Student: 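Below you will find the structure I want to go over with you.
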Amino acid sequence: MQWVPLVIGFIATAWALVSAPLERVHVRVPVVLTAAGIVTGVFTHAELAGVLNSTTTTRIAEIILAILLFVDASEVRSGKPFGNNPAIAARLLGLALPLSIAAAVGVGAVLFPGIGVPVLVVIACAVVPIDFAAAESLVRDRRVPKRVRDAINVEGGYNDGIVSPIFTYAIFLAGATAIAHHGSHDLGSAVRSVLLAIAVGAVAGFIVGKLLSASEHRGLTTGPAARVVVVILPVLTYATASFASANGFVAAFVCGIVFRQVRINQRSASEVANTRRAIGDHDRAFLDDVTSLLTMGMWFVFGNVAVLVLASGYLTAWTWVYCALVLTVVRAIPVLLALLGSRRTPTERWLIALLGPRGTTSIVFGLLAFNQLADPDAAASVLGVTVLVVLGSVLIHGLAAIPLVRWIDRDHGRAVNSDTA
């Protein structure tokens with residue numbers, strides 16, 4: 001598949017040259033590259049099947065996921081660990097998220113009675129967490145209420161990191177071909193793996209954050225060199241945790257949280273007040289570019305995988321029903337329940353419940369499960385559901401965002417444009 005970089009490079013360049021008008025109508029590169037992957041996948045899906053089911057693909061997917069978790073954990077735009085309203089973040093992450101996973105497992109048990117609970121948990125962990133890679137402009141669109149943007153930004157940053165240890169242990173329970181490097185052989189070792197990963201991630205984020213700030217303060221490093229450190233940090237943390245039989249995903253996630261806070265705390269109060277929004281950009285400029293390139297490749301591969309799934313008979317009528325429910329009521333009802341009694345308006349609650357795109361992290365979770373599950377039927381089920389959910393999300397949240405935002409702007413413009421917290 002030597003032609004893949006050529007196709008990705010050509011399409012990404014073409015999109016970049018006309019990105020401004022396309023982004024105004026919420027057509028972003030994930031949508032474009034997914035479409036390109038679908039077109040090329042018609043001719044290559046037979047060849048792709050062997051490539052996906054390989055150790056190399058698994059390792060690449062793991063590294064990409066570690067980087068994505070680090071980026072998600074470090075990109076909360078308010079500069080505060082849990083946004084401008086920690087109470088709303090607690091409701092979404094501590095109540096709505098577990099309720100959504102439980103609902104996804106319950107619906108799956110009804111629609112797929114032949115699939116064991118561990119596999120259903122794997123599926124839920126892959127398709128429930130939201131990710132704005134395919135609809136990032138929604139988080140930045142000022143026609144969407146600021147309080148809604150803050151809430152979904154925090155949720156999208158943390159939910160995949162929270163479910164990653166559950167996902168890893170569920171794969172072990174479902175029967176994995178290779179999971180030793182995550183240290184999850186039983187419940188006790190899984191807990192120790194997560195606790196050790198938290199320690200590794202926190203120490204790595206703290207030490208590197210302190211050293212980088214001290215080096216900058218003394219003029220020992222340059223801006224480009226410092227940004228290289230930030231790119232290497234999640235990979236180094238993941239590798240260190242895996243070597244220590246800890247959960248590398250959790251370690252990378254925790255490292256991102258701690259590193260960002262250390263970097264913010266090392267700046268003076270006035271500097272933070274004046275440049276809070278720029279702190280993440282200063283540290284992560286190169287990391288964002290690297291992540292963008294990785295995710296471009298993932299979206300193109302996803303388009304290919306979508307053709308593979310659709311052509312291989314992985315999907316049944318109940319799979320379509322399940323995916324439709326996951327994209328709607330499985331998220332909306334738990335979110336609305338979690339926000340009962342909050343100070344959010346009914347419009348804001350419905351927007352938070354409805355704006356739940358799935359993206360890159362779901363793709364990576366699905367590929368990891370496909371490669372690691374020993375049962376081929378279980379692996380095919382996870383991949384099929386994940387592909388259909390993400391594909392539906394690209395269409396609903398990527399393209400349907402246009403009329404949604406216009407509706408918000410027309411009917412709720414006065415409330416939407418308010419930036420009050």
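In this text the structure is predicted, and so the values were computed from the model without any measurement. For the numbers below, each heavy atom of this structure counts, side chains included, while hydrogens, waters and symmetry mates do not.
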Student: Please give me the minimum heavy-atom distance between P98 and L93, naming the atom from each residue.
Tutor: CD-O, 3.4 Å
Student: So which atom in L340 and which in R91 form the shortest heavy-atom distance, rounded to 0.1 Å?
Tutor: O-NH1, 2.8 Å
Student: Examine distances only and state if a side-chain atom of R349 and a backbone atom of R344 form a donor-acceptor pair shorter than 3.5 Å.
Tutor: yes
Student: Go through it in stages, so that I can follow the logic: the residues are Y238 and F70, the test is ring pair (Phe, Tyr, Trp, His ring centres under 6.0 Å), and I'd like the CA-CA distance, side-chain angles, deciding distance and then a yes or no.
Tutor: CA-CA 10 Å; Y238 171 82; F70 178 89; over 10 Å; no
Student: Quick check: closest heavy atoms across A89 and V154, and the distance to 0.1 Å?
Tutor: CB-CG1, 3.7 Å
Student: Any ring-ring contact (aromatic ring centres under 6.0 Å, His included) pairs touching residues 323-343, not counting sequence neighbours?
Tutor: none
Student: For S362 and A126, indicate whether the former's side chain and the latter's backbone hold a donor-acceptor pair under 3.5 Å.
Tutor: yes
Student: Is there side-chain contact between F302 and L367, with at least one heavy-atom pair below 4.5 Å?
Tutor: no
Student: For a side-chain contact (heavy atoms from CB on, under 4.5 Å) check, start with the C-alpha distance between I67 and L287, then their side-chain angles and the critical distance, and finish with the verdict.
Tutor: CA-CA 9 Å; I67 294 174; L287 178 61; 4.0 Å; yes
Student: In Å and rounded to the nearest 0.5 Å, what is the CD1 to CG distance from I38 to L310?
Tutor: 8.0 Å
Student: Hey, does the side chain of D131 reach the backbone of T360 with a donor-acceptor pair shorter than 3.5 angstrom?
Tutor: yes
Student: Rounded to the nearest 0.5 Å, how far does CG of D150 lie from CD1 of I88?
Tutor: 11.0 Å
Student: Looking only at heavy atoms, which two atoms of V121 and A170 are closest? And how far apart?
Tutor: CG1-CB, 3.7 Å
Student: Measure the shortest side-chain to side-chain distance between L388 and V309 over non-hydrogen atoms and say whether it is less than 4.5 angstrom.
Tutor: no
Student: Quick check: closest heavy atoms across L92 and I352, and the distance to 0.1 Å?
Tutor: CD2-CG2, 4.0 Å
Student: Nearest 0.5 Å, what's the SG-CD1 distance between C125 and I162?
Tutor: 11.5 Å
Student: With the side chain counted from C-beta on, respond yes when V230 and L212 share a heavy-atom pair under 4.5 Å apart, and no when they do not.
Tutor: yes
Student: Not counting sequence neighbours, which residues clear side-chain hydrogen bond (donor to acceptor under 3.5 Å, both in side chains) with T291? List them please.
Tutor: none
Student: Checking the side chain of R358 only, and the main-chain atoms of V127 only, is there a donor and an acceptor separated by less than 3.5 Å?
Tutor: yes
Student: With sequence neighbours left out, write down each residue that passes side-chain contact (heavy atoms from CB on, under 4.5 Å) with V32, or none if nothing qualifies.
Tutor: I11, W15, V27
Student: Say you draw a straight line from CZ of R192 to OG of S245; how long is it, rounded to the nearest 0.5 Å?
Tutor: 10.5 Å
Student: Run the side-chain hydrogen bond (donor to acceptor under 3.5 Å, both in side chains) test against S342 and tell me which residues pass, sequence neighbours left out.
Tutor: none
Student: Got a list of side-chain donor-acceptor pairs under 3.5 Å for residues 110-117, not counting sequence neighbours?
Tutor:
none

Student: Looking at V258, is its backbone amide N or carbonyl O close enough to the side chain of Q261 to form a donor-acceptor pair, meaning the two atoms are under 3.5 Å apart?
Tutor: no
Student: Verify side-chain contact (heavy atoms from CB on, under 4.5 Å) between E62 and Q372, making sure each step is shown before the conclusion.
Tutor: CA-CA 11 Å; E62 289 174 346; Q372 292 185 358; 3.2 Å; yes
Student: Mind checking whether F206 and F259 have ring centres under 6.0 Å apart?
Tutor: no
Student: What residues, two or more places apart in sequence or in another chain, satisfy side-chain contact (heavy atoms from CB on, under 4.5 Å) together with I64?
Tutor: I60, L68, L294, M298, V364
Student: Which residues pass the side-chain hydrogen bond (donor to acceptor under 3.5 Å, both in side chains) test with T316, sequence neighbours left out?
Tutor: T319
Student: Is there a side-chain contact between V326 and I123, using heavy atoms and a 4.5 Å cut-off?
Tutor: no
Student: Output the distance between atom OG (S381) and atom CZ (F370), rounded to the nearest 0.5 Å.
Tutor: 11.0 Å
Student: To the closest 0.5 Å, what do you measure between CG (N371) and CZ (R59)?
Tutor: 9.5 Å
Student: Does D72 form a side-chain contact (heavy atoms from CB on, under 4.5 Å) with F253? I'd like the steps, not just the answer.
Tutor: CA-CA 8 Å; D72 286 346; F253 175 70; 5.6 Å; no
Student: For the residue pair N247 and P165, what are the closest heavy atoms and their distance?
Tutor: ND2-CA, 3.8 Å
Student: Taking the side chain as every heavy atom from C-beta outward, state whether V385 and L315 have any pair of such atoms under 4.5 Å apart.
Tutor: no
Student: Excluding sequence neighbours, so at least two apart, what forms side-chain contact (heavy atoms from CB on, under 4.5 Å) with L293?
Tutor: M296
Student: Walk me through whether T34 and L391 qualify under side-chain contact (heavy atoms from CB on, under 4.5 Å).
Tutor: CA-CA 9 Å; T34 297; L391 190 60; 4.2 Å; yes
Student: Output all residues satisfying side-chain hydrogen bond (donor to acceptor under 3.5 Å, both in side chains) with R331, sequence neighbours left out; order by chain, then residue number.
Tutor: E155
Student: For a 4.5 angstrom cut-off between non-hydrogen side-chain atoms, does F365 reach T386?
Tutor: no
Student: Run the side-chain contact (heavy atoms from CB on, under 4.5 Å) test against A104 and tell me which residues pass, sequence neighbours left out.
Tutor: A124, V128, Y322, V330
Student: Within the distance-only criterion (no hydrogens, no angle test), does the side chain of S164 pair as donor or acceptor with the backbone N or O of G161 below 3.5 angstrom?
Tutor: yes
Student: Do F167 and L368 touch side chain to side chain, with heavy atoms closer than 4.5 Å?
Tutor: yes
Student: Any side-chain heavy atom of C255 within less than 4.5 Å of one from L233?
Tutor: yes
